[in-house]
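In what follows, a structure is listed as structure tokens, so that the remarks can point back to it.
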Amino acid sequence: MTSFLLVQSQSHSILEVMTRHRDSTAFIDYLENTILDLTEPIEEIAKTKLTKNNEISDACEMMLAELRQIGTHFASRDRKICDAEASFIADIEEFLNEEIWHGFTNYELSEMMEEEYEQDPYIYEFLDVPKSVKYLRIYDDIEGTNYATQAITMFFRFANAVAKADGIICQREEDAIYNFKKMLFTKIKKDEAVIVMPQL
């Protein structure tokens, strides 16, 4: 097992986590720089009048929820969230939220994630373009940046990593990856996110 340190932006503190899955550290190294790049643009849009009062305005919290939905979706494609898939997801979630899964074995993680999925499968069965990507598209249109593409790539790489976490990709996982990639790279439309551009 290996450890890593993450300097999280704004209200998020430095935290140390022990990774469970062999592939987690490499993905976290990539995720660290990406997350830090995306937080400020997301929060700039989230605090405008275009967002509802009950929506999440903390970018890390928003992306954590989106990664959890995506991770559970792909881990459950082969009918069972196995230990390897659960441990990889847990490592990534702990990267964004200290000790969220601390003290649990991989088997316990698998059972808890499976139970969460079974309680409300609709949440995890049907994926849409993440809200953070929609916010970043608004920001990009205003500022001429390319953050939405960074986020899309991040979410797709995460989905692919979860599907491969147990070392086997079944046909249902292959189909899900294809459909998710197609949705991410073709379904982004300006009218999905905003009608009137805010002034930042």
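Keep in mind that what you see is a predicted model, and the values were worked out from it rather than measured. All values below come from the heavy atoms of this structure, side chains included, with hydrogens, waters and symmetry mates left out.
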Practice problem: Could you give me the CA-CA distance, side-chain angles and deciding distance for V129 and M183, then say whether side-chain contact (heavy atoms from CB on, under 4.5 Å) is met? | Solution: CA-CA 7 Å; V129 175; M183 179 187 69; 4.2 Å; yes
Quiz item: For H21 and N106, what are the C-alpha separation, side-chain angles and deciding distance, and is it a side-chain contact (heavy atoms from CB on, under 4.5 Å)?
Solution: CA-CA 9 Å; H21 193 282; N106 290 346; over 6 Å; no
Self-check item: Stepwise side-chain contact (heavy atoms from CB on, under 4.5 Å) check, F27 with D91
Solution: CA-CA 10 Å; F27 188 82; D91 284 341; over 6 Å; no
Quiz prompt | Candidate pair K134 and I45, rule side-chain contact (heavy atoms from CB on, under 4.5 Å), full reasoning | solution = CA-CA 10 Å; K134 296 178 181 180; I45 298 302; over 6 Å; no
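Taking every heavy atom of both residues into account, A176 and H73 meet most closely at CB-NE2, 4.2 Å. Nearest heavy-atom pair across E61 and D58 is N-OD1, 2.8 Å. Of all the heavy atoms in C170 and D78, the pair that sits closest is SG-CB, 3.8 Å. Residues I42 and Y135 come closest through the heavy atom pair O-CD2, 3.9 Å. Between L109 and A90, the closest heavy-atom pair is CD1-CB, 3.7 Å. Contact detail for L36 and T39: the closest heavy-atom pair is O-OG1, 3.3 Å.
Looking at heavy atoms from C-beta onward, T72 lies out of side-chain contact with M113 at the 4.5 angstrom threshold. Side chains of Y139 and L38 form no contact here, defined as non-hydrogen atoms less than 4.5 Å apart. With a 4.5 Å cut-off on side-chain heavy atoms, L184 and P130 count as touching. Using a 4.5 Å cut-off on side-chain heavy atoms (C-beta onward), I92 and I28 make contact.
Side-chain N/O atoms of S132 and E66 include a donor and acceptor closer than 3.5 Å. Counted by atom type alone, Q150 and N146 present zero donor-acceptor pairs between their side chains at under 3.5 Å. A side-chain donor from one of Y117 and E125 sits under 3.5 Å from a side-chain acceptor of the other.
No continuous path of hydrophobic side-chain contacts links I169 to V162 [ILVMFWY only; heavy atoms under 4.5 Å]. Hydrophobic clustering (ILVMFWY, side-chain heavy atoms < 4.5 Å, transitive): M112 and Y107 are in distinct clusters. Residues I81 and I168 fall into different hydrophobic clusters, defined by Ile, Leu, Val, Met, Phe, Trp and Tyr side chains chained together at heavy-atom separations under 4.5 Å.
F95 CZ to D29 CG: the interatomic distance, rounded to the nearest 0.5 Å, is 9.0 Å. Going from atom CG of D83 over to atom OG1 of T105 covers 7.5 Å, rounded to the nearest 0.5 Å.
In this structure, the side chain of Q69 does not engage the main chain of L127 through any donor-acceptor pair within 3.5 Å. Panel note: side chain R77, backbone R172; no donor-acceptor pair is recorded below 3.5 Å.
At a threshold of 4.0 Å, the pair E85-K164 does not count as salt-bridged, since none of the basic side-chain nitrogens sits closer than that to a carboxylate oxygen. The residues E143 and R137 are annotated as not salt-bridged, no charged nitrogen and carboxylate oxygen being separated by less than 4.0 angstrom. Look at R68 and E93 and you find a salt bridge, because one of the NZ, NE, NH1 or NH2 atoms lies within 4.0 Å of a carboxylate O, short of that distance.
In this pair, F88 and F158 present their aromatic rings parallel. The plane angle is below 30°, not in the 30 to 60° band.
More than 12 heavy-atom neighbours from other residues, nucleotides or ligands sit within 6.0 angstrom of OH on Y30.
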